[in-house]
Amino acid sequence: MDKTYSPRDIEQRLYARWESEQRFRPSGRGRPYSIVIPPPNVTGTLHMGHAFQDTIMDALTRYHRMLGDDTLWQPGTDHAGIATQMVVERQLNAEGKTRHDLGREAFVERVWRWKEESGGTIARQMRRLGASVDWSRDRFTMDEGLSRAVTETFVRLHAEGLIYRGKRLVNWDPVLHTALSDLEVLSEPESGHLWHLRYPLVDGDGALIVATTRPETMLGDTAVAVHPDDERYRHLVGKRVRLPLADRDIPIIADEFVDRAFGSGCVKITPAHDFNDYEVGQRHGLPLVNLFDRDAVLNDAAPPAYRGLDRFEARQRVVADLEALGLVDKIEPHTLTVPRGDRSNAIIEPWLTDQWYVRIEPLAKPALEAVERGRIRFVPENWDRTYYEWMRNIKDWCISRQLWWGHRIPAWYGPDERIYVGRSESEVRARHGLAPALPLRQDEDVLDTWFSSALWPFSTLGWPDATAELKKFYPTSVLVTGFDIIFFWVARMIMFGLKFMGEVPFREVYVHGLIRDAEGQKMSKSKGNVLDPLDLIDGIGLEELVAKRTAGLMQPHLAKGIEKATRKQFPDGIAAYGTDALRFTFCSLATLSRDIRFDVGRIEGYRNFCNKLWNAARFVLLSVEGHDLGPGEEQPSLADRWVRSRLAAALQATAAGLGSYRLDLASQALYEFTWYEFCDWYLELSKAVLQSDTSPEPEKRAARRTLIQTLETLLRALHPLMPFITEEIWQRVGPLAGRDGPSIMVEPWPAAGARDAAVDAEMRWIMDFILAVRQIRGEMDIAPSRRFDVLLAGAAAGDLARLERGRRWIERLANLGALRPLAAGEPEPESAVAMLGELRILVPMAGLIDVAAEVARLDKRIAKLRQDLAKTEAKLGNASFVANAPAAVVEQERQRVQDFGRELAGLETQLARVRRLGSGA
RNA sequence: GGGCGCGUAGCUCAGCGGUAGAGCACUUCCUUGACAUGGAAGGGGUCACAGGUUCGAUCCCUGUCGCGCCCACCA
């Protein structure tokens, strides 16, 4: 093995081998375990969020595969209707064309070409991450099979009356020219104005003052509303006002919706352009005056002077005209929430159109119950509150989109505009006995992307066919996702899963946090703080990184700032850390928190961890080289038994972490065992056995076997988190440990052996001895290479026996010369001292330590001990503590008082002695 | 307005009723034959604040302050 771990050389080679050996397919044996990937956009690229999520899913998948489960990680991609269509439209725009120049068919053809061209990117990137998805089952939401599932669900829901077509207000994007669901509209506060307008009363003098943030819509007002209990206006209800500019008379109505305290307490009602007003209009039978065309340009329903004006131009004109008429009472600055399309960022217009809707309440009810009754569990649990909140207030889902890229709605219109829904035109004709000559026109609209995503857990498994995979892997075991798509996706999968499969789509939903940059900022192109997971794996030079971050910005003026910040944060670019380091970092970051800050310092630490593991393996291999490792006469040492006991504890902790979606705890347990117990201690302890001429052969054999077996077990435990380095090392180590499988991937995840408290305690004593000596060495700045003698005094029963059992390790790890008890009557030399129980460990100071330094050291220890002792004594002095605390706790405190007291006494005696000797010297 | 979350070492975060932990950063010593992407030792915290429950609270409860996210029709 090379001296330094170099991920570049191993990762892609191993992945290719796994893939060609078909290691990612379900084994066909064991309990089913399945995860469906949240499908990324087919034309997208892998970002940190994907990499994080994929790492989690892959860790779970590999873990369960090794547990012997019949494991499927189902891959696939999403057609991402609006997003993908926009990308291709932008390409066309660059050529000076629009999609309308091409026409629907040619445009869709072009999108398919783009999909073929760029669709492989994300799959390639997932391979670099080591994702063990079953590529043979790769699916795309617009595949023939999945499209069939979409049609089937649509037809069935329609037949049940759960899908209907209706004319009502929708969120209209005047730029993209499509309807959007409520979820795709983001409302942000923006500063604007509140115009107070004067509407003259038709009978008599005076006027009502209405306040509005959208004066241009007044042209479509069909009423003014006041609160029914408002004394100021009660007498006017039923009377009429003159709508300025439009020159129509409109009624004054009473509706509870009005807030008396806001503005004048009078509200203009524009049912065709405001969701609230629409409701009011429905209640009062008001007419709708639809002022806008699909571009939000005023149409012929507006007075002639305003026709053809864009909504913002119309606003200016309306205000100017009203001012000229003296009908503007006042204008105030006002912060309002402006709805914008999540893709186009255009201001959304409530607009009256025909759209398709899913009647959601009958679907939401069982979906709510499924979580309430625990058939689906959110992890962390409190996300169920968010889910409940949404599901209890859910509204019908507008599923039609006026786009070209997507699943076309399976509805046909006859010449009389009668609607026929069916799986195909021919089915429709047959079912309804329509003559072949009767022209039918298919609905132009496509379905919301999330409609097909909602079917993902079963459509990918072959539904509507009753496939074997569907039977075996549905419901899936867990859904791994971010909280940002609980409503978009998770809730809808639950609803559709229950509806069509009669069963929840997954038993658990693991909701992970969202990856942000080191400052907690969302990563975005315009902020210039994006990290590409592939750059963390392969490394990237500074210039290239700067170029990448500043290229193709929507706002080019940001480039300078981005460049500066990038140069500051990454003066040397980014080093190549390798996939395993990146993955281990992600795992260690997978805490319960919602925002996860990704700090490059962290990945460096875990790259070092990979290197540590690599070198530990080198040491183990060197140590066993040329020796028979098979069973034979062996005599395990205390150290051997200790490391096995500690390994068992680490495996337990790791399994607990993996089983509870606490990959941070799992990775921590493995990190700590590997570094602090296996490397720092056991490898060093083993040297005392292996590199000694006096160790008997059975002991050496036991040490070698323990080394190789512990490493081999550790590799298997680490594999789900760090697949590449573990496979690479395992290929050499596995056979030596008696395992002859072709890949670590298909080896069993290690069962925890037995822990041994007695062994742990015995080793603890030896370690404490070594630490005590090292502490003196460290604090006295004695070089590690400087060997010195240690004398012992005050040994308690058993101490000397323990000493003998641990002597070879103590001598070696503390780098000691002579190590012996003071003889009876032998004068105690001037010494630095440490206490280990009643045992006094003496380091003769002559030539090593000066008195002042030792006095200072002792003072410090004594002060700390006095504090601890006082605290503990106070506790025991409290009668109610002794009376109420569990006996074990009280006993523990008593023990501590004893320990502290003994150590304190020892050190105080020593301090006095050192002082005396010092002054005498 | 409703819902959720966070405030622990300089930074990023675990812990969550019984002696405050890790990584990174910092200080000192050390190239000893697995590893300087390393080893050894060390400094550093009134666990936001105030009450309460308890023998005992960083942990449970209540409130205050600060920060954040999500939903919602105040024109």
Side-chain angles (χ1 to χ4, degrees), chain A residues 1 3-5 182-183 187 194-195 210-214 217 225 257-259 261-270 274-280 334 336-337 380 382-383 385-386 388-390 393 483-484 486-487 514 518 520 575 577 581 588-589 591-599 601-602 604-623 662 664-665 668 671-672 676 679-680 683-684 687 691 771 774-786 813 815 868 871-872 875 878-886 888-890 892-893 896 900:
Chain A
M1 284 173 76
K3 183 169 172 182
T4 304
Y5 156 69
D182 296 340
L183 285 175
S187 290
L194 194 57
W195 285 271
V210 297
T212 181
T213 55
R214 301 205 52 196
T217 64
F257 141 81
V258 178
D259 177 356
F262 190 90
S264 61
C266 303
V267 187
K268 63 190 273 304
I269 301 298
T270 323
D274 182 280
F275 288 104
N276 286 312
D277 294 5
Y278 182 83
E279 300 286 322
V280 175
H334 183 72
L336 67 161
T337 48
N382 52 279
W383 285 110
R385 304 294 299 272
T386 303
Y388 294 149
E389 203 57 24
W390 159 257
N393 299 301
F483 55 81
D484 50 335
I486 288 179
F487 306 144
L514 267 28
Y577 297 112
S588 71
L589 291 174
T591 63
L592 296 178
S593 73
R594 273 200 292 210
D595 294 322
I596 294 167
R597 297 183 183 215
F598 192 93
D599 187 342
R602 200 83 191 251
E604 189 177 344
Y606 293 119
R607 189 269 319 265
N608 295 351
F609 176 64
C610 291
N611 190 58
K612 188 78 179 173
L613 180 66
W614 184 264
N615 279 291
R618 283 181 62 221
F619 170 77
V620 172
L621 288 169
L622 280 172
S623 303
R662 289 302 303 269
D664 59 326
L665 301 181
Q668 193 184 352
Y671 182 97
E672 289 177 352
Y676 306 137
C679 292
D680 285 352
L683 296 190
E684 298 305 321
K687 288 175 187 175
Q691 297 174 9
L771 288 171
R774 280 181 182 170
Q775 192 170 52
I776 290 171
R777 187 190 285 278
E779 290 187 17
M780 294 300 134
D781 279 351
I782 303 167
S785 54
R786 176 90 183 259
L813 271 65
N815 195 23
D868 291 345
K871 221 156 72 178
T872 315
K875 215 167 179 181
N878 181 345
S880 46
F881 168 73
V882 179
N884 293 304
V889 174
V890 176
Q892 181 186 302
E893 295 299 312
R896 289 182 58 208
F900 288 152

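Protein chains get the first letters and strands the later ones, always in sequence-line order, with residue 1 at the start of each.
Among residues two or more places apart in sequence or in another chain, the side chain to side chain contact (heavy atoms under 4.5 Å, CB included) test is passed with A:T872 by A:E893, A:R896, A:V897, A:F900. Residues forming a ring-ring contact (aromatic ring centres under 6.0 Å, His included) with A:F881 (at least two apart in sequence, or on another chain): none. Residues satisfying the side chain to side chain contact (heavy atoms under 4.5 Å, CB included) criterion with A:D484, sequence neighbours excluded, are A:L514. Every residue meeting the salt bridge (charged side-chain N to carboxylate O under 4.0 Å, His left out) condition with A:D868, not counting sequence neighbours, appears here in chain and number order: A:K864. Listed by chain and number, the residues in a ring-ring contact (aromatic ring centres under 6.0 Å, His included) with A:F483 are A:W383 (sequence neighbours excluded). Partners of A:Y577 under the ring-ring contact (aromatic ring centres under 6.0 Å, His included) rule, at least two apart in sequence or in another chain, do not exist in this structure. In this view, A:K3 satisfies the side-chain hydrogen bond (donor to acceptor under 3.5 Å, both in side chains) rule with no residue, not counting sequence neighbours. Evaluation of the side-chain hydrogen bond (donor to acceptor under 3.5 Å, both in side chains) rule for A:D595 yields A:R516 as partners, not counting sequence neighbours. With sequence neighbours excluded, the residues that form a side-chain hydrogen bond (donor to acceptor under 3.5 Å, both in side chains) with A:E672 are A:Q668.
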Check: protein-nucleotides 66-70 of chain B nitrogen or oxygen pairs below 3.5 Å:
| residue | atom | partner | partner atom | Å |
| --- | --- | --- | --- | --- |
| B:G68 | N2 | A:R594 | NH2 | 2.3 |

Nucleotides 21-24 of chain B: which of its N/O atoms have a protein N/O under 3.5 Å away?
| residue | atom | partner | partner atom | Å |
| --- | --- | --- | --- | --- |
| B:A22 | O3' | A:Y676 | OH | 3.4 |
| B:G23 | OP1 | A:Y676 | OH | 2.5 |

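OP1 or OP2 of B:U12 has at least one side-chain nitrogen or oxygen of A:R597 nearer than 4.0 Å. OP1 or OP2 of B:G39 sits under 4.0 Å from a side-chain N or O of A:K612. In this structure, A:K3 reaches the B:C35 phosphate: one of its side-chain N or O atoms is under 4.0 Å from OP1 or OP2. For B:U28, the OP1/OP2 oxygens have no side-chain nitrogen or oxygen of A:R777 closer than 4.0 Å. A:H334 has no side-chain polar atom (N or O) that falls below the 4.0 Å cut-off from OP1 or OP2 of B:C74. Taking side-chain N and O atoms only, A:T591 has a distance below 4.0 Å to OP1 or OP2 of B:A14. Residue A:Q691 has no polar side-chain atom (N or O) positioned under 4.0 Å from OP1 or OP2 of B:G33. The shortest distance between the side-chain N/O atoms of A:Q892 and the OP1/OP2 oxygens of B:U19 is below 4.0 Å.
Closest to the side chain of A:E389, out of B:A75, B:U19, B:G3, is B:G3. Residue A:A783 has its side chain nearest to B:C30 when only B:C30, B:U28, B:A14 are considered. Among B:U28, B:C35, B:A75, the nucleotide with an atom closest to any side-chain atom of A:N611 is B:C35. Taking the side chain of A:P886 as heavy atoms from C-beta on, and the options B:U37, B:C74, B:G18, the nearest nucleotide is B:G18.
Remark on RNA chain B: of its neighbouring residues A:T337 and A:D664, the 5'-side contact belongs to A:D664, judged by nearest-heavy-atom nucleotide. Between A:S593 and A:N276, it is A:S593 whose nearest contact on RNA chain B lies nearer the 5' terminus.
Donor-acceptor pairing under 3.5 Å, judged by distance alone, is present between the side chain of A:R896 and the base of B:U19. For B:A40, its base never sits under 3.5 Å from the side chain of A:E684 at any donor and acceptor pair.
Under a cutoff of 6.0 Å and an axis angle of 45°, A:K612 and A:Y671 do not form a cation-pi pair.
For the atom pair A:R602 CZ and A:R607 CZ, the distance stands at 15.5 Å (nearest 0.5 Å).
Summarising the geometry, the separation between CZ on A:F262 and P on B:G1 is reported as 15 Å, rounded to the nearest angstrom. The CD1 atom of A:I486 sits 12 Å away from the C1' atom of B:G3 (whole-angstrom rounding). Regarding A:R385, its CZ atom lies at a distance of 4 Å from the P atom of B:C4, rounded to whole Å. Between A:Q775 atom CD and B:C29 atom C1' there is a gap of 15 Å when expressed in whole angstrom units. Distance A:D781 CG to B:A40 P: 16 Å, rounded to the nearest Å. In this structure, the CZ atom of A:F275 is 13 Å from the P atom of B:C74, given to the nearest Å. Rounded to a whole Å, the CZ atom of A:F609 is 17 Å from the P atom of B:U37. Per the geometry, CG belonging to A:D277 stands 11 Å off C1' belonging to B:C74, to the nearest Å.
Only the P atoms considered, B:U58 is 44 Å distant from B:C73, to the nearest whole Å. Spacing between B:U19 and B:U32 at atom C1', rounded to whole Å, works out to 36 Å. B:U27 and B:C67 are spaced 34 Å apart, taking the C1' atom of each and rounding to whole Å. B:A9 and B:G45: their P atoms are spaced 10 Å apart (whole Å).
Looking at every heavy atom in both residues, A:N393 comes nearest to A:E389 through ND2-O, 2.8 Å.
Residues A:L336 and A:L194 are not in side-chain contact: their nearest non-hydrogen atoms beyond the backbone lie 4.5 Å or more apart.
In RNA chain B, stems built from 3 or more consecutive Watson-Crick or G-U wobble pairs, each with both distances under 3.5 Å, span B:1-7 with B:65-71, B:10-13 with B:21-24, B:26-30 with B:38-42, B:48-52 with B:60-64.
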